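Notes for the one structure printed next.
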Amino acid sequence: MRITDVTSTDLFGGTVARPLAIVRVTLSGEAPAGADPVVVRVEGPAVTTPEPAVVTAPEPGQQREAEVGV
């Protein structure tokens with residue numbers, strides 16, 4: 001599995017007291033069918049993911065998107 005794209009969106013999640021900007025992460029498949037789910041999070045000097053996204057691993061030739069709040 002590879003990360004092929006990371007895109008900011010105009011979407012927000014979380015709560016009014018703690019809004020989270022939504023980041024869309026695109027994964028490209030290299031996992032065999034039935035592989036374990038993928039946990040996606042964003043980490044950096046100024047951002048962190050309080051609640052990671054869990055998505056089904058994409059199979060070879062497929063893509064899957066995960067939306068993660070930061």
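Every value quoted in this text rests on a predicted model; they were computed, and no experiment measured them.
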Hydrophobic cluster membership, Val38 vs Val54, 4.5 Å side-chain cutoff: no
Contacts of Arg64 that satisfy salt bridge (Lys or Arg N to Asp or Glu O under 4.0 Å) - sequence neighbours left out: none
Flag if over 12 foreign heavy atoms under 6.0 Å of CD, Gln62: yes
Positive for side chain to side chain contact (heavy atoms under 4.5 Å, CB included) with Ile22, one of Leu11, Thr7, Asp10: Leu11
Least distance between heavy atoms, Pro19 atom then Phe12 atom: CB-CD2, 4.5 Å
Closest non-hydrogen atom pair, Val39 against Pro52: CG1-CB, 3.6 Å
Under the salt bridge (Lys or Arg N to Asp or Glu O under 4.0 Å) test, residues paired with Glu67 that sit two or more places apart: Arg24
Close side-chain approach of Ile3 and Leu27, heavy atoms under 4.5 Å: yes
Residue pairs passing the side-chain hydrogen bond (donor to acceptor under 3.5 Å, both in side chains) test where at least one lies in residues 27-44, sequence neighbours excluded: Arg2-Glu30, Glu43-Thr48
Qualifying residue for side chain to side chain contact (heavy atoms under 4.5 Å, CB included) with Val68, from Val40, Val6, Leu20: Val40
